[in-house]
Amino acid sequence: MVALEMEILYWIQNLHTPWLDQLMVSISSLGNMGQFWIALALLFICIPKTRRIGVSMLISILIGFLLGNILLKNLFERPRPCWMDPSIALLIPSPTDFSFPSGHSMVSFEGAVSIWLQNKKLGIAALILAVFIALSRLYLFVHFPSDVVFGSLMGAGIAWLVYCIMQKRTCK
């Protein structure tokens, strides 16, 4: 599995151009420590009409941080592709935590799905951004595809469960 994932990452490395490098670094930075999504959630909380979205985003982000970044990363201790092949020049500093699951992907999908579940119009834009943030992690050679896929699905699932609980509905 790792060999196939490395081949995918090497193929992606062939896509590098100076403008795409800058774009991907910028997009990826939006997911750093969840700052963009946390700030957006706080903004939503300040607006009565979107307060529920902000609260669900913050709860989702907290749960994802505890489950993904604290528990799963340390449980699986998966090395990052950039640690396995240091010959690939990184455009960002090498992350120091483990690779699985992708925290950037997870927090982005927690935020985006929380928005989409309650406001489809804003949610579509948020989901597009979340996809680009997740893909940027592959482009930057700091995550395996399975890290990104699992992080994205986990983030979406957490957001959906939080939404269901906040709506006092049975999740189906």
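Just so it is clear, the structure is predicted and the values come from calculations on it, not from any experiment. Start at 1 with the first residue, then count along the sequence.
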Min side-chain heavy-atom separation [X]-[Y] under 4.5 Å:
X	Y	value
Leu153	Met106	no
Leu71	Leu66	no
Asp21	Tyr139	yes
Phe109	Leu127	yes
Phe141	Met6	yes
Leu91	Met24	no
Leu72	Phe150	yes
Pro95	Arg137	yes

Hey, what do you get for [atom1] ([X]) to [atom2] ([Y]), rounding to the nearest 0.5 Å?
X	Y	atom1	atom2	value
Ile124	Trp116	CD1	CH2	8.5 Å
Leu62	Ile59	CG	CD1	8.5 Å
Leu140	Leu90	CG	CG	8.0 Å
Met154	Ser60	CE	OG	11.0 Å
Leu30	His104	CG	NE2	9.0 Å
Leu40	Leu129	CG	CG	9.5 Å

[X] side chain vs [Y] backbone, donor-acceptor pair below 3.5 Å:
X	Y	value
Asp147	Phe144	yes
Ser105	Ser152	no
Asn119	Ile115	no
Thr50	Ile53	no
Lys73	Pro101	yes
Glu110	Met57	no
Ser28	Val25	no

(Q) Going by side-chain contact (heavy atoms from CB on, under 4.5 Å), Ser99 matches just one of Pro81, Cys82, Pro79, Ser146. Which one? (A) Pro81
Q) Can the ring centres of Phe100 and His143 be said to be less than 6.0 Å apart? A) no
Q. Between Ser114 and Arg52, is any side-chain donor less than 3.5 angstrom from a side-chain acceptor?
A. no
Q.
With a 6.0 Å cut-off (strictly less than), is the heavy-atom count around CD of Glu77, excluding the residue itself, greater than 12?
A. yes
Q) Heavy-atom count around Lys121 NZ within 6.0 Å, excluding the residue itself: above 12? A) no
Which atom pair, heavy atoms only, marks the closest approach of [X] to [Y]?
X	Y	answer
Ala159	Leu117	O-CD1, 3.9 Å
Ile133	Ile27	CG1-O, 3.4 Å
Ser108	Trp37	OG-NE1, 3.1 Å
Val107	Gly34	CG2-CA, 3.9 Å
Ser94	Trp83	OG-NE1, 3.3 Å
Val162	Ser56	CG1-O, 3.8 Å

Are [X] and [Y] linked, directly or through other ILVMFWY residues, by side chains that come within less than 4.5 angstrom of each other?
X	Y	result
Trp11	Val142	yes
Leu42	Met33	no
Val148	Phe132	yes
Ile38	Phe65	no
Leu9	Val149	no

Q: Taking the six-membered ring of Phe98 (Phe, Tyr or Trp), confirm whether the NZ or CZ of Arg80 is under 6.0 Å from its centre and within 45° of its axis.
A: no
